[in-house]
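Read through the structure below, which is laid out as structure tokens, and then see the notes.
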Amino acid sequence: MRNLAVLAALALAGCSSSIGGTTARNDFKGQPLGAVQVKLGAPDQQQTVAGQKIYTWFKGQSLMPCTVRVVMATAGDVVDTYETTGDAGICSPYDYRPG
């Protein structure tokens, strides 16, 4: 069953939409954590704050870091928010860009 969920996440991760020539990337809101893990791998940090699970990935290096933070919805295993902070050049492959 878990393998089926991972395969579904892989299929979803391969999809993108394009409106006006701009491609939507990393729009994980409403998707399962597995979809994010397909793109970023296992999270570097996990915590629970006020009942919400927060997953964090650290990309880049100490002088040029990028932090990717995913907050899960309180009801279910779906992404509520997805955000990046840090060096624009390092974060650009992980940024959410609406189409």
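Each residue takes its place number in the sequence, starting with 1. Values below: every heavy atom of this structure, side chains too, minus hydrogens, waters and symmetry copies.
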Gap between atom CD of Gln37 and atom CZ of Phe28 - 0.5 Å precision: 10.5 Å
Point-to-point distance, once rounded to the nearest 0.5 Å, from OG1 of Thr67 to CD1 of Ile90: 11.5 Å
side-chain hydrogen bond (donor to acceptor under 3.5 Å, both in side chains) contacts in which one or both residues fall within residues 80-90, not counting sequence neighbours: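 Every side-chain hydrogen bond (donor to acceptor under 3.5 Å, both in side chains) pair that includes a residue of residues 80-90, provided the two are not neighbours, is Arg69-Glu83, Thr84-Asp95.
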Side-chain cluster (under 4.5 Å, hydrophobic types only) that Val78 belongs to, other residues: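 ILVMFWY cluster around Val78 holds nothing else.
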Asp77 side chain reached by Met72 side chain, heavy atoms, under 4.5 Å: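 Counting from C-beta outward, Met72 and Asp77 do come under 4.5 Å.
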Run the side-chain donor-acceptor check on residues 53-63: report pairs under 3.5 Å with partners two or more places apart or on a different chain.
unit_1: Trp57; atom_1: NE1; unit_2: Gly41; atom_2: O; d: 2.9
unit_1: Trp57; atom_1: NE1; unit_2: Ala42; atom_2: O; d: 3.2
unit_1: Lys59; atom_1: NZ; unit_2: Leu40; atom_2: O; d: 3.2

Pairs flagged by ring pair (Phe, Tyr, Trp, His ring centres under 6.0 Å) wherever residues 32-51 is involved - sequence neighbours left out: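 Applying ring pair (Phe, Tyr, Trp, His ring centres under 6.0 Å) to every pair that reaches into residues 32-51, excluding sequence neighbours, yields nothing.
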Gly89 versus Pro93, closest heavy-atom pair with distance: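 Scanning both residues, the minimum pair turns out to be O-CD, 4.0 Å.
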